[in-house]
Amino acid sequence: MKYGALNRRDGNKNVVNDKGVTLIELIIVVSVIIIIIVALGFSFEGWIGKYRVESQVKEMYSDFMYARAKAMERGRVHFITGTATTYTMYEDTNPGPDGNGALEPGVNCIIPPAGNDCLLPTFPKTVTYQIDWTGTGARIDFNKNGTIGQPGSIFLTTTNDADYDCLNISAIKVYMGKKNGTNCESK
């Protein structure tokens with residue numbers, strides 16, 4: 001028999017009821033759970049912000065490498081132009097058959113308008129975070145042999161400390177990187 005439990009033989013009336021929890025114990029447990037949820041919520045917000053920045057950089061990287069590969073495959077210059085919120089890819093089709101190396105923006109590649117280069121499908125692309133094109137002049141040319149006409153860096157304007165938040169563009173390749181001051185350090 002437990003200590004303090006009612007013993008019917010000696011008439012002790014000190015009864016301990018240990019079949020439940022007190023209100024104080026319940027409040028403490030609920031408070032701890034709420035604190036943990038709030039802490040994880042802030043952590044999750046930071047993680048999801050970093051994920052979005054990295055996703056945008058990876059998508060841009062993929063598009064830039066696609067433009068380079070397409071230029072080599074088709075034997076034509078390809079252009080990527082951009083604003084703070086969009087970027088667009090064109091194929092040099094004016095004049096045909098292999099272009100003149102100058103950008104004359106057109107409408108589409110299905111039926112290229114006379115005198116204009118064709119806009120590739122799925123472009124222009126709108127971005128979530130603003131793009132800083134200061135390192136490239138908002139236009140990048142991919143030549144027939146795959147070289148890049150304007151080496152430099154492109155940065156995403158964000159306060160998230162993502163692993164990748166910029167593109168470092170050399171004469172022959174595009175690298176994802178992390179902004180360090182005014183430089184994009186390739187990773």
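All of these numbers come straight from a predicted model, not from anything done at the bench.
Side-chain atoms of Glu104 and Asn116 form no donor-acceptor pair, as typed in the model, at a separation below 3.5 Å.
Distance CD/Gln130 to CD/Gln56: 10.0 Å, rounded to 0.5 Å. The distance from the NE2 atom of His78 to the CG atom of Asp117 is 9.5 Å, given to the nearest 0.5 Å. In this structure, Met65 CE and Met176 CE are separated by 10.5 Å, a value rounded to the nearest 0.5 Å. Atom CG of Asp63 sits about 6.5 Å away from atom OG1 of Thr122, to the nearest 0.5 Å. In this structure, the separation between OG1 on Thr157 and CD1 on Ile131 is 9.0 Å, given to the nearest 0.5 Å.
Between Glu91 and Arg74 there is a salt bridge, since at least one side-chain N of the basic residue sits less than 4.0 Å from a carboxylate O of the acidic one. Salt bridge absent: Asp165 and Lys50 never bring a charged side-chain N and a carboxylate O closer than 4.0 Å. Under 4.0 Å is where a charged nitrogen must lie from a carboxylate oxygen, and between Glu59 and Lys125 at least one such pair does.
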Can you list the steps and then say if Ile148 with Val174 is a side-chain contact (heavy atoms from CB on, under 4.5 Å)?
CA-CA 9 Å; Ile148 300 169; Val174 178; 3.9 Å; yes
How far apart are the C-alpha atoms of Phe64 and Leu167, what are their side-chain angles, what is the distance that settles it, and do they pass the side-chain contact (heavy atoms from CB on, under 4.5 Å) test?
CA-CA 10 Å; Phe64 283 41; Leu167 293 175; 4.2 Å; yes
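The 12-atom threshold is exceeded at CZ of Phe123, counting heavy atoms of other residues, nucleotides or ligands nearer than 6.0 Å. Shown here is Ile24, whose CD1 atom has no more than 12 heavy atoms of other residues, nucleotides or ligands within 6.0 Å.
Of all the heavy atoms in Lys173 and Tyr61, the pair that sits closest is NZ-OH, 3.3 Å.
A side-chain contact (heavy atoms from CB on, under 4.5 Å) with Ile80 is found for one member of Met89, Met60, Arg68 and no other, namely Met89.
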